[in-house]
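To start, the structure itself, in structure tokens.
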Number of protein chains: 2
Amino acid sequence: MYTIGKLSKNTGVTVRTLDYYDEIGLINPSSKTDGGHRLYNEDDVMRLERVLALKYMGFSLEQIKDIVNSSTSTWQQSIQQQLEMIRREQERLKMLEQALTGVSFSIEFEGEINWSIIFNIIQLYQQDVEDIFQQYKDYLNNDEMRKIIEMDAQMSKEDMKEWMEAISDIKNNLEIDPGSEKAQHLVKRWLNQVEKMFGNDEELLGDMWNALQNLKEGIVFYPMDKDVIHFIERVFLTKEELK
Amino acid sequence: MYTIGKLSKNTGVTVRTLDYYDEIGLINPSSKTDGGHRLYNEDDVMRLERVLALKYMGFSLEQIKDIVNSSTSTWQQSIQQQLEMIRREQERLKMLEQALTGVSFSIEFEGEINWSIIFNIIQLYQQDVEDIFQQYKDYLNNDEMRKIIEMDAQMSKEDMKEWMEAISDIKNNLEIDPGSEKAQHLVKRWLNQVEKMFGNDEELLGDMWNALQNLKEGIVFYPMDKDVIHFIERVFLTKEELK
DNA sequence: ATTGAATCACACGTAACGTGTTGTTTTATA
DNA sequence: TATAAAACAACACGTTACGTGTGATTCAAT
């Protein structure tokens, strides 16, 4: 049995907050002293733990009240739920890290800033990964999305650097003849990176290429932009002709 | 140049929020149309990015105003700062994940909930990683702390499970004779886990053991509690005697 | 029994916007 | 180039999740 002060000390939650939670009926202490002082038992503490976890996940107290009241889920279930949310948050942070690393490299290599990725970073700072990938839903199925997110998360700083350099090289040579040796070389280098990242899942590659052509540049294939994509396309077409 | 609507669409930040940021002088658009409509340029976008990053870090808008106005940091510096904080947040989430996984296993193995670790999780939900480790500062130096954090993060689900099982086994046999075969076996199993996790850095092990004896159970060495520690101690002492 | 600390109930204050309204400006279309 | 539709500005009021008092009451330790 904990008084409100002891509970506050143990959890770091202020007395006023517990007071408020009692007031709105979120956590009513299971018993009281004769004088009216609140006494919290272990079930109450359990409830508080869940409330704080859910709050951390961004739910409103009103929503939390619904969740903790309605779901008859056991501890195991709610822990699993929390674990899933934490993993999603980690995914988001991983993407943020990638994006920020990308910006850093782009400033370093190109001396300029890719605005579309800045916009994506801003979005990532306030929204869920799922929401941001929503725009890709028309071109990629769920399975492909998963693969791409995972691939993105597993990309190391070095991979990122090579990827950036390969594309940066293309960007700096957009005007050269698509049939030239150099053009072929640049695209070959790019292809190597693609293969390194995505393996040789032909279907995934196809869908991604399709998505690339239809979408404005975004976080996933950063820093590929329209110019780069069109250059690669022209080189491919020239090759086809040669055959 | 972006109108407030375009900027909102690109970033996912609502018009009202941008309106508010303008109102409190946090982000004033660098120019306006003759009619008074706001126009945001690229510098404004970068400022917004920084503001949201700082907001994510938990600063109030008032604090953020001070920070972005006073500090003359370059974008590279800002990005690097953001990267560092994102990595720290990932560390914290990793610990949270470990802790929750631990609770899950402990419920599975022991059928009951360990309250001290629940309290620790609540604190993790609210605090910085550094704060959590503060209490260990008296017993471990900075280098050792780093090692432990890293170890904690790298522990796989399977490692966690084995660790939990080893300790759980001890917990269920606290009353047996410290000199018995079984006791020796239990501690040996525990020692194996320790070695697997920490290698054979004698100094680190010594300091940790010292910390363990002086601190109330905490999240780092979860789920070792006083009972388990004393049991292991008794077994060791018995062994010494035999020699 | 006393007294200092803890608690209660209540009130007002605050941050960071959301939501709604009205009048004005911009943009798209005919 | 006229006009309707869309976007925007400026203002007001509402909301969430508490913080910060305040005086009265209860609890815990001496």
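- Place B:Gly35 and A:Phe59 on DNA chain D by their nearest nucleotides, and B:Gly35 ends up nearer the 5' end.
- For B:Tyr21 and C:dC17, the shortest distance from a side-chain N or O to OP1 or OP2 is below 4.0 Å.
- Closest to the A:His37 side chain, of the nucleotides C:dA6, D:dG19, C:dT26, is C:dA6.
- Between the P atom of C:dA6 and the CG atom of A:Leu18 lies a distance of 16 Å, rounded to the nearest Å.
- Side chain to side chain, B:Gln82 and A:Tyr125 meet the donor-acceptor criterion of an N or O pair below 3.5 Å.
- Backbone-only engagement by B:Lys55 is indicated by non-hydrogen atom pairs under 4.0 Å involving sugar-phosphate atoms exclusively.
- Under 4.0 angstrom from either OP1 or OP2 of C:dC17 there lies no side-chain N or O belonging to B:Thr14.
- Side-chain N/O atoms of A:Arg38 include none lying less than 4.0 angstrom from OP1 or OP2 on C:dT7.
- When the nucleotides D:dC8, D:dA17, C:dA16 are ranked by their closest atom to the side chain of A:Leu61, D:dA17 comes out on top.
- Computed from coordinates, the A:Asp19 CG to C:dA9 P distance equals 7 Å when rounded to whole Å.
- Considering only side-chain atoms of B:Thr3, the nucleotide from D:dC8, C:dG18, D:dC27 that sits closest is D:dC8.
- For the 3.5 Å distance criterion, the side chains of B:Arg47 and B:Asn41 fail to qualify, holding no donor opposite an acceptor.
- Distance from the side chain of B:Tyr20 is smallest to C:dA16 among C:dA16, D:dG19, D:dA17.
- A donor-acceptor pair under 3.5 Å is absent between the side-chain atoms of A:Glu84 and the main chain of A:Gln81, judged by distance alone.
- A side-chain N or O of B:Gln76 and one of A:Ser104 form a donor-acceptor pair less than 3.5 Å apart.
- Checked against C:dA11, C:dT19, C:dT26, the side chain of A:Arg16 finds its nearest nucleotide in C:dA11.
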